[in-house]
Number of protein chains: 2
Amino acid sequence: MPGPISPWRVTGTRERRRELKRDAVILAAARAFRARGYHHTSLDDIAALLHVTKPTLYYYVASKEEMLFECFRAGLDRIATACSKARRGTASGREQLIEVVRSYVEAITSDFGWCMVRAEDQDLGPELGARIRQLKSEIDQEIRRLVRAGIADGSIGDCDPKMVAFALAGALNWIPHWYRDNASLPASAIADRFVEVFVHGLAPRREGALPGKSS
Amino acid sequence: MPGPISPWRVTGTRERRRELKRDAVILAAARAFRARGYHHTSLDDIAALLHVTKPTLYYYVASKEEMLFECFRAGLDRIATACSKARRGTASGREQLIEVVRSYVEAITSDFGWCMVRAEDQDLGPELGARIRQLKSEIDQEIRRLVRAGIADGSIGDCDPKMVAFALAGALNWIPHWYRDNASLPASAIADRFVEVFVHGLAPRREGALPGKSS
DNA sequence: CCGAGTCTATACTTGCTGGTAGAAATCCTA
DNA sequence: TAGGATTTCTACCAGCAAGTATAGACTCGG
């Protein structure tokens with residue numbers, strides 16, 4: 001739906017143009033993968049999206065694998081950035097975690113969301129696959145860290161940080177399975193609902209919540 | 001890890017033996033898909049697992065697609081069954097939901113869990129793909145129904161049933177991404193942790209909470 | 001022990017798609 | 001406008017894996 005990506009016919013220095021085109025290739029790949037799935041997308045399909053032929057793609061990218069990797073990275077980087085930003089803040093563990101969740105939802109509903117989640121690192125060679133697993137693991141560790149921080153500062157109740165991280169990441173990573181950018185809530189609204197559930201749980205909230213521990 | 005599947009060389013009536021072998025083919029396929037991914041698993045691989053050759057598989061199954069479909073179904077059926085069982089009970093919406101979650105975790109950590117979740121219905125033709133989507137949708141609706149029931153009977157607080165269902169299903173469906181039957185918690189323990197998070201949330205619990213819990 | 005039905009293997013076809021060789025077009029600089 | 005670098009195209013290859021034709025082997029009732 002977002003317009004065609006055409007840095008072909010565009011101005012700027014050589015290097016700059018090349019860079020833009022390469023990005024366009026990655027983005028087109030991401031959209032195609034999302035629409036048809038990695039294995040059902042041929043390079044000709046991607047080339048067609050750009051009104052170009054297959055060998056042209058290879059001028060910007062070494063292999064189909066590399067395209068997938070770059071899509072992966074594009075998404076994961078956004079989340080990693082959000083994590084380290086949260087980390088620099090001074091808010092409570094819970095607040096930081098919530099911030100990360102918001103960024104996570106933004107990233108995962110982007111064009112690259114699908115690739116981050118549905119593409120198997122099996123589809124990447126051992127080389128790139130390992131790098132992706134590394135990135136994923138870092139994010140996982142970061143989430144656990146935030147949960148532990150929250151427990152430490154009292155903003156999060158006692159729980160198993162590992163399982164909480166899995167549950168949270170699972171809920172978030174699943175979004176691309178049902179999210180349709182036409183027909184779904186905007187990312188921020190989704191984030192709100194998720195935060196609500198994860199912070200307060202399903203149990204009916206008892207009245208008399210406010211500060212103070214009168215139960 | 002669970003031993004080789006060999007109903008080859010086994011007794012029983014003709015029909016019975018055929019049925020057993022067909023099941024064995026499906027199970028072998030499920031394990032292979034889980035280990036290597038659908039697209040990276042050749043029929044020769046599956047045949048090798050059974051110490052048999054590829055054409056033999058075709059004697060029990062019409063196509064690779066059908067194998068995937070049957071794996072899918074094997075897993076989803078377990079969950080659907082759990083749903084309708086829960087439905088027959090008289091417990092509160094929340095209790096019923098929790099029961100479903102437990103069954104869900106059991107199913108999703110089984111050999112078929114991977115297929116239920118990681119296989120794209122894109123890999124199935126329009127025919128089978130539609131049937132799978134149907135099954136998935138039924139389960140989704142069932143979860144939403146339980147949430148609404150819980151809200152109605154007061155066992156669940158006010159919330160958006162659709163988003164809650166998505167969050168819950170996401171967390172559960174993600175399990176195959178990290179679950180390793182050697183190295184992870186047993187299914188029941190995972191279910192416990194998940195229930196804990198989803199029922200009570202991350203916010204520190206104020207004293208004097210609701211009546212305790214269970215098994 | 002025979003032959004109809006059941007089961008399995010050998011050996012092949014076929015289509016698709018990732019990837020490439022090398023020529024042609026285009027662009028920039030001088 | 002010449003000529004070298006950059007960019008894109010046409011045409012092709014190779015390999016893999018799904019699926020099949022067909023013949024051989026096993027089982028079991030009669």
Side-chain angles (χ1 to χ4, degrees), chain A residues 5-26 28-29 32-33 36-71 119-120 122-125 127-128, chain B residues 5-26 28-29 32-33 35-71 119 122-125 127-128:
Chain A
I5 330 134
S6 273
W8 272 259
R9 297 281 161 209
V10 92
T11 62
T13 146
R14 272 238 158 87
E15 279 211 346
R16 179 67 188 146
R17 263 163 44 194
R18 187 185 165 94
E19 197 180 315
L20 282 176
K21 289 189 194 174
R22 190 187 137 96
D23 288 349
V25 168
I26 305 298
F33 293 159
R36 270 161 286 188
Y38 180 70
H39 290 281
H40 293 17
T41 301
S42 77
L43 293 177
D44 288 312
D45 292 335
I46 298 173
L49 279 184
L50 296 163
H51 307 288
V52 163
T53 57
K54 185 169 56 174
T56 300
L57 301 180
Y58 278 92
Y59 186 69
Y60 295 98
V61 144
S63 66
K64 192 181 179 187
E65 235 177 82
E66 186 180 312
M67 290 186 199
L68 183 59
F69 176 77
E70 292 296 341
C71 293
E120 326 272 329
Q122 301 236 350
D123 296 333
L124 272 37
E127 200 85 351
L128 297 178
Chain B
I5 331 136
S6 272
W8 272 259
R9 298 280 159 211
V10 91
T11 62
T13 146
R14 273 236 157 90
E15 280 210 346
R16 179 67 189 146
R17 262 164 43 194
R18 187 185 165 93
E19 197 179 316
L20 283 176
K21 289 189 193 171
R22 190 187 138 95
D23 289 349
V25 169
I26 305 298
F33 293 159
R36 268 161 289 187
Y38 180 69
H39 291 281
H40 294 5
T41 302
S42 77
L43 293 178
D44 288 311
D45 291 335
I46 298 174
L49 278 184
L50 295 163
H51 306 288
V52 163
T53 57
K54 185 168 54 172
T56 300
L57 301 180
Y58 279 93
Y59 187 71
Y60 294 98
V61 143
S63 66
K64 192 182 180 187
E65 236 177 81
E66 186 180 311
M67 288 186 200
L68 183 59
F69 175 78
E70 292 296 341
C71 294
Q122 302 236 351
D123 296 332
L124 271 37
E127 200 83 352
L128 297 178

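Below, chain A is the first sequence line, B the second, and so on; all start at residue 1. Everything numeric here is computed off the predicted structure, so don't read it as measured data.
For A:Arg18 and A:Glu15, the salt-bridge test fails: no basic side-chain N is under 4.0 Å from an acidic carboxylate O. Between B:Arg16 and B:Glu19, at least one side-chain nitrogen of the basic residue sits less than 4.0 Å from a carboxylate oxygen of the acidic one, meeting the salt-bridge criterion.
For B:Tyr58 against B:Ser63, the heavy-atom pair with the smallest separation is CE2-CA, 4.1 Å. Closest non-hydrogen pair, B:Ala32 versus B:Leu49, comes out as CB-CD1, 4.0 Å.
From one end of the helix from C:dC1-D:dG30 to C:dA30-D:dT1 to the other, with five pairs defining each end axis, the axis direction shifts by 0° (rounded to 10°).
Judged purely by distance below 3.5 Å, without hydrogens or angles, the side chains of A:His39 and B:Asp123 never pair a donor atom with an acceptor atom.
C:dT6 atom C1' lies 13 Å from atom CD of B:Glu15, rounded to whole Å. In this structure, OH of B:Tyr59 is placed 21 Å from C1' of D:dA18, rounded to the nearest angstrom. When rounded to the nearest whole Å, the span between CG of B:Leu57 and C1' of C:dC7 equals 13 Å. One interatomic measurement links the two molecules: CD of B:Glu66 to P of D:dA18, which rounds to 15 Å at whole-angstrom precision. Regarding A:Lys21, its NZ atom lies at a distance of 9 Å from the C1' atom of D:dT6, rounded to whole Å. Remark: C1' of D:dA5 and CZ of A:Arg18 are 13 Å apart, rounded to the nearest angstrom. Distance, A:Asp45 CG to C:dC16 P: 13 Å, rounded to whole Å. The CZ-P distance, from A:Arg17 to D:dT8, rounds to 9 Å in whole Å.
The structure places OG1 of A:Thr41 at 8.0 Å from CD of B:Gln122, a figure rounded to the nearest 0.5 Å. To the nearest 0.5 Å, atoms CG (B:Asp45) and CZ (B:Arg36) are separated by 4.5 Å.
Figure legend: A:Lys64 and A:Tyr38 shown as a cation-pi pair, the cationic atom lying under 6.0 angstrom from the six-membered ring centre and within 45 degrees of its axis.
At the phosphate of C:dA9, OP1 or OP2 sits under 4.0 Å from a side-chain N or O atom of B:Thr56. Of the side-chain N and O atoms in A:Thr53, one or more sit less than 4.0 angstrom from OP1 or OP2 of D:dC9.
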Show me the protein contacts with nucleotides 17-24 of chain C, counting only N or O atoms at under 3.5 Å.
residue: C:dG18; atom: OP1; partner: A:Lys64; partner atom: NZ; Å: 2.8
residue: C:dG18; atom: OP2; partner: A:Leu43; partner atom: N; Å: 2.7
residue: C:dG18; atom: N7; partner: A:Lys54; partner atom: NZ; Å: 3.0
residue: C:dG19; atom: OP2; partner: A:Tyr58; partner atom: OH; Å: 2.8
residue: C:dG19; atom: OP2; partner: A:Lys64; partner atom: N; Å: 3.0
residue: C:dG19; atom: O5'; partner: A:Tyr58; partner atom: OH; Å: 3.2
residue: C:dG19; atom: N7; partner: A:Lys54; partner atom: NZ; Å: 3.1
residue: C:dG19; atom: O6; partner: A:Lys54; partner atom: NZ; Å: 2.8

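Checked by atom type and distance alone, the side chain of B:Lys54 never pairs as donor or acceptor with a backbone atom of B:Ser42 at under 3.5 Å.
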